[in-house]
Amino acid sequence: MSDVILSIRGLAKNYELSGALARRKEVVHAVENVNLEIREGETLGIVGESGCGKSTLGRMIVRLEQPTAGEILFEGHDLAKEPKKKLRALRKRFQMIFQDPYAALNPRRQIGQIVEEPLRVHGVGKEERRAIAKDLLKRVGLDEGAYEKYPHEFSGGQRQRVVIARALALNPRLVVADEPVSALDVSIQAQVLNLFKDLQKELNLTYVFIAHDLGVVRHVSDRIAVMYLGKVVELAEADVLYESPAHPYSQALLSANPRMGADDKRERIILKGDIPNPINRPSGCAFNPRCPKAADICRTESPELMTIGTRQVACHFPTL
Amino acid sequence: MSLKENSEAIFSESPGKIALRTLRKDKRSVISLSILGFIIAISLLAPVYAHFIAHTNPFNSSLDATTHVGGKVVPVLEASTTGLGLGVTPIGPTWNPTGYFLGADGQGRDVMARLLYGGRNTLLIGASAGIICIVLALLIGVIAGYRKGWIDSILSRLLDVIWAFPVYLLAISLSVVLLTSGLKLGFIHVGPGSFALPILIIGIVYIPYVARPIRAQVLSLREREFVRAAVGIGAKDSTIIFREILPNIIPSVLVFVPIIIALCMLTESALSFLSIGVQPPQASWGTIINDGLALLYTRPWVGIAPGLFIVLTAASLNLYGDAVRDALDPKTRSRGDA
């Protein structure tokens, strides 16, 4: 397998909730002790229910969020500890694509200005900027007239193309996409996903692709990490994970994904209860209150992520 | 029109241009701007009127002046004939623009000339105070909202201190103190009679009313994804403020401009009416109403005329403010013509 370009070690993010009237400080463990390696040119999918910390993880990778603990090693720098000023210069190597293309574009600026902005910030000359921006717009499938238009003149899918163009303007190696198609119509989703794939091939990009739609993730990902309550519970090749999920949570998640055709013989696993409150995590394995396989050990001991064959699972009783 | 120009007229209008076009079509803005333009123009022409047309000095009292009415020479001030016969009754409106059009006040000064001069002062103070207020409020609101943390806490508490007092109570107490002594702040020296005092006082008392909504808007804007995207591309704070946040704040600031100027103007008139604003012999609409108070039964126009000007100006500023708001925010537009 190819080189690792980003490696995350022990990454955690806590939010402290402290109101004036709170008797004691409550801490939300949004992300806990995440270890991941992202390889050059691959797409790592991250899935999980809402509130499982996948977006926080994504934002920490591009340092839009300051991690509470841990390391983010990228091109010889620990992004978690890099000072603000140095970080600004490094930012051209990694970019983020946002979920809501309606919020991600400044409504008061022309598309051309928006796509040129990263170049302007990093000191590229005016003529060159314009040329790069026009080329990018063409590349993401917008016609040249888009340059002078305003965001309100575009549909969601077109806006997401602009967002992609902006993210690619600085020629990054790593792109973190946080649910980039979930705000789009289903008919548009496929077009944008294909654009992601095409650009990856052309520009040798590495993606971290965050989504809650399992069909979408499967379509684009090489490897997939399943998150539950701030932790990675399973990490495997996309096909392996979809064919034989080892963690009970992955199994439940995948069984919830509707499939076409009559050959679907899998039984639907319906999870009891809600995702627990991250302030008050269950003891032992965080999944134990909802897990069909939970035993005594699950309530006392938290399973570590163990490597089994090509996959990693955090479960006392993985299905293999 | 060439084809290219034509297509540009249909597509690719900036939100600002769209608002401007809507505003230009709005009858309210046309009416209010005409009234405002008229009042500003005649106020600016005050010296012409006083010196070349009416031939009176608006500031000096002229107790023994005379004027021509219907070919006869009449004194401007006559001994009072009502009540105990104390004091004087000034000449009433002649309705003749060449002198004492609206009559004279208790000191024999031409009310029309004073009204126009007073308009200059009221408009000058109102507009300057309004602009100072909005500039300072924008500065405070953007810094507090963008930096958050302790800077925000300090600035917000400062605003709360101003906010805690009723506007007029604060303006009156500041004026009473500062008008007698003037203001000495380091190397800044403002004399007791200077216009700078009412301008500063009025400008400052309205700051919280503008700064708070701006701060709230900045707080929400900085969490928007396009601002995060700007952080993500490595933009500096100053770049983010000027290129991402300010362009989205400006529309709401523009809505505030006419309304705050109207409020400042009203406050100036109120302070001057209480004789703690513009100091004699200078005039302002407020001081003229004060002059007219004593003559309300015999010569009501002295008080009514400046009152009418105040109402007209404030009403058209508010009407214009409404038109600006509707043009900038299509969601609140009451009529569906765009």
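Note on naming: letters A, B, ... go to the chains in the order of the sequence lines (proteins, then strands), and numbering restarts at 1 for each one.
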Going from [atom1] on [X] to [atom2] on [Y], what distance comes out if it is rounded to the nearest 0.5 angstrom?
X        : Y        : atom1 : atom2 : answer
A/Asp100 : A/Leu105 : CG    : CG    : 9.5 Å
A/Ile5   : A/Leu174 : CD1   : CG    : 5.0 Å
B/Leu136 : B/Ile131 : CG    : CD1   : 12.0 Å

Could you list the donor-acceptor pairs under 3.5 angstrom formed between side-chain atoms of residues 32-41 of chain B and any protein atom two or more places apart in sequence or on another chain?
unit_1, atom_1, unit_2, atom_2, d
B/Ser32, OG, B/Arg28, O, 2.8
B/Ser32, OG, B/Ser29, O, 3.3
B/Ser34, OG, B/Val30, O, 2.5

* Asked: Is any residue of residues 57-70 of chain A within less than 4.5 Å of chain B by heavy atoms, and which ones?
  -> A/Arg59, A/Leu64

* Going by residue number, which parts of residues 129-139 of chain A are within reach of chain B, meaning a heavy-atom gap below 4.5 Å? -> none

Less than 4.5 Å to any heavy atom of chain B: does that hold for the side chain of [X], its backbone, both, or neither?
X        : value
A/Pro107 : both
A/Gln95  : side chain
A/Lys84  : side chain

State, to 0.1 Å, how close [X] and [Y] come at their nearest heavy-atom pair, and which atoms those are.
X        : Y        : value
A/Leu205 : A/Pro172 : CD2-O, 3.3 Å
B/Tyr168 : B/Tyr206 : OH-OH, 4.3 Å
B/Leu123 : B/Ser43  : CD1-OG, 3.9 Å

* Test log, rule salt bridge (Lys or Arg N to Asp or Glu O under 4.0 Å), inputs A/Glu116 and A/Lys126 -> CA-CA 9 Å; A/Glu116 281 183 28; A/Lys126 203 174 173 185; over 6 Å; no

* Picking from B/Arg228, B/Glu244, B/Arg243, which has the most non-hydrogen pairs under 4.5 angstrom with chain A? -> B/Arg243

* Quick one: of A/Glu117, A/Arg166, A/Gln99, who has the most non-hydrogen atom pairs under 4.5 Å with chain B? -> A/Glu117

* Structure fact -> Given A/Arg108, A/Met96, A/Lys85, the one with more heavy-atom pairs under 4.5 angstrom with chain B than any other is A/Arg108

* Residues in side chain to side chain donor-acceptor pair (under 3.5 Å) contact with B/Thr239, at least two apart in sequence or another chain -> none

Hey, are the side chains of [X] and [Y] touching, using non-hydrogen atoms and a 4.5 Å cut-off?
X        : Y        : answer
A/Gln160 : A/Val181 : no
A/His212 : A/Lys54  : yes
A/Leu168 : A/Val175 : yes

